[in-house]
Amino acid sequence: MTQHCTDVLIIGAGLAGMATALSLPPHWRVALLCKGAAQECASAWAQGGIAAVIDPDDSIDAHVADTLVAGAGLCDEAAVRAIVEQAPAAIGWLVEHGVPFTRENGGGLHLTREGGHGCRRIVHAADATGQAVHTALLQACRERPNIALHEHTSALELLTEGAAPRCTGALVQLPGGALQRWHAAHTVLATGGLGQVYPYTTNPATATGDGVAMAWRAGCRVADLEFMQFHPTALQVNGRAAGLVSEALRGEGALLRLPDGTRFMPAHDARAELAPRDIVARAIWSEMARHGLPFVHLDISHRPRPWLQAHFPAIMALCAAHGIDIATQPIPVAPCAHYACGGVLAGIDGSTDVQDLRAIGEVARTGLHGANRLASNSLLECVVMGRAAAQAIAQQPAAAPLPQPVILPAQPPGETAALETASVETAAVARQLRQLMHDCVGIERSEQGLAHALQRISTLRESLPPAASHALRNQLDVCWLMASAAAARRESCGAHSFAAAL
Ligand code: FAD
Ligand code: SIN
């Protein structure tokens, strides 16, 4: 097995990973990995925007208060304040990197509104904020001689040494399938979320929870994994989620209705369509169950077509591709798995339980989100953590550890055939697991359902063939951690809705 040495190994090239890479001193060697193409990440898909106090009538205290309310009492207030205070500077940093945010006629940043925010606070680039941010930062990364971007390159396992473990890099699979040990003085996990453990999700294919599984196996604590946030309004086409319909539509006046036109949100919460996400998602879910509906309607047809074209061009195009004209027709929507509020226990600079290993962005749990993330606080967290992690790393020695020789036994005969059989079995087990998560660890959980999920996942983990892929191993570990966390929390709170056995 060959080896590779770098100063900083960043696993994940979404907003968190790129913010770290671009904030490190330019003489440090940085390897930036992504397991698909660079654009295949949640960051590039983000729609609504980034929350920040920009309006002079807004305040840090108000942003903190809205975040704490959405988090249902489980946020870490110090972490919330530290991140929210950095938001205006984070927006400034993105502007310096050339992100073309939407502006008012006078030149100031245009602010939109989303659920749970008491005022207009969302900086955005029309309805494709993630695309604008990701394109600008990717170009900046490509222009930096010290940053080497490696697409289609997956981290399979973290390398650790010592009893109180220290991370020394990762075992990496190269595009052709070969394995290599990548040694680094500092390793940063920026692997994003885990929506792909559910059958219906807004998340890209890369969001499989690898970071949580790898960090946990390496000795990190994880927390808040019971709080899986379901986005209330994913576009429904033929019983499938066909893409996200941003919360910003509701921020700009879109209403939720039953197919006969009746509004239902005011009966569920005084904030109606602008209640925090967990409340809106559960309200839609209960209305769908009560009326036996596959979806409800989101209606913004009262807005003029040119206005819609200017504010929501991407969503208009997405819906048009499925035969829906949002200027004249309501949009069929239903909740689906969107965001992991929990993850690897980390400080704002990404520090974890394992020395020289940081976790940043969606893979991390800083305490910002508590039991339910406030809309548009996630991209913010990526930028703030990425910059803080880089600053903390830059204060330490850069020298990469010298690689040790590694001698592995020869591949046993017959292993290739075993791997092929395993890959067919893997796909079937992965599908079963997704359905199990939907049925038993979904938007509504019960004591019996969680017990069944845990028992089934444990059996699958125990019977895992040695040749099973890292992807399946990660999926099983993550599902087991999520189901265990959900079973341990016996009260309903934020995104976790629980019914005890009678
Ligand atoms: P990502 O951007 O997902 O990047 C993860 C990276 O890790 C990818 O490069 C991936 O290839 C890589 N990776 C994963 N596993 C491995 C591995 N084993 N080896 C190597 N590389 C690996 N939040 C907001 O604040 N505002 C919004 O408007 C908003 N809209 C959203 C819309 C959609 C459709 C979605 C899905 C999410 C949205 N979110 C939004 C949430 C937000 O986009 C994400 O939480 C955030 O982008 C996560 O960034 P990240 O850098 O942590 O991860
Ligand atoms: C959206 O645009 O509705 C997504 C915002 C978010 O997930 O924060």
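Counting convention: from 1, in listed order, for ligands and their atoms alike.
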Lys/Arg cation over aromatic Tyr198: Arg434, 6.0 Å, 45° cone = no

Does the ring of Trp216 carry Arg221 above it, NZ/CZ under 6.0 angstrom from centre and within 45° of its axis?
-> no

Parallel, tilted or perpendicular: which fits the ring planes of His311 and Trp307, with parallel below 30° and perpendicular above 60°?
-> parallel

Identify, with sequence neighbours excluded, every residue that meets salt bridge (Lys or Arg N to Asp or Glu O under 4.0 Å) alongside Arg303.
-> Glu252

Are Phe227 and His369 an aromatic pair by the rule of ring centers under 6.0 Å?
-> no

Does a sphere of radius 6.0 Å around CD in Gln329 hold more than 12 heavy atoms from other residues, nucleotides or ligands, not counting ones at 6.0 Å or beyond?
-> yes

Check: His110 ring centroid to His124 ring centroid under 6.0 Å | yes

For ligand 2, what is the set of protein residues having any non-hydrogen atom at a distance below 4.0 Å?
-> Gln47, Gly48, Glu114, His231, Leu244, Ser246, Glu247, Arg277, His338, Arg373, Ala375, Ser376

Pair His150 + Trp182: ring centers closer than 6.0 Å = yes

ring-ring contact (aromatic ring centres under 6.0 Å, His included) contacts touching residues 232-254 (sequence neighbours left out) = none

Pairwise, report which nitrogen or oxygen atoms of ligand 1 are under 3.5 angstrom from protein nitrogen or oxygen atoms, and how far apart they are.
residue	atom	partner	partner atom	Å
ligand 1	2 (O)	Ser43	N	2.9
ligand 1	2 (O)	Ser43	OG	2.5
ligand 1	3 (O)	Ala42	N	3.1
ligand 1	7 (O)	Ala190	O	3.3
ligand 1	9 (O)	Ala13	N	3.0
ligand 1	11 (O)	Lys35	N	3.1
ligand 1	18 (N)	Ala155	O	3.0
ligand 1	18 (N)	Asp210	OD2	2.7
ligand 1	19 (N)	Ala155	N	2.8
ligand 1	21 (N)	Lys35	N	3.2
ligand 1	25 (O)	Ser378	N	3.2
ligand 1	25 (O)	Leu379	N	2.8
ligand 1	26 (N)	Gly49	O	2.8
ligand 1	28 (O)	Gln47	N	3.4
ligand 1	28 (O)	Gly48	N	2.9
ligand 1	28 (O)	Gly49	N	2.9
ligand 1	30 (N)	Gln47	N	3.3
ligand 1	43 (O)	Ala42	O	3.4
ligand 1	45 (O)	Glu362	OE1	2.6
ligand 1	45 (O)	Ser378	OG	2.6
ligand 1	47 (O)	Ser43	N	3.2
ligand 1	47 (O)	Ser43	OG	2.9
ligand 1	49 (O)	Ser43	OG	3.1
ligand 1	51 (O)	Leu15	N	3.2
ligand 1	51 (O)	Ala16	N	3.0
ligand 1	52 (O)	Glu362	N	2.9

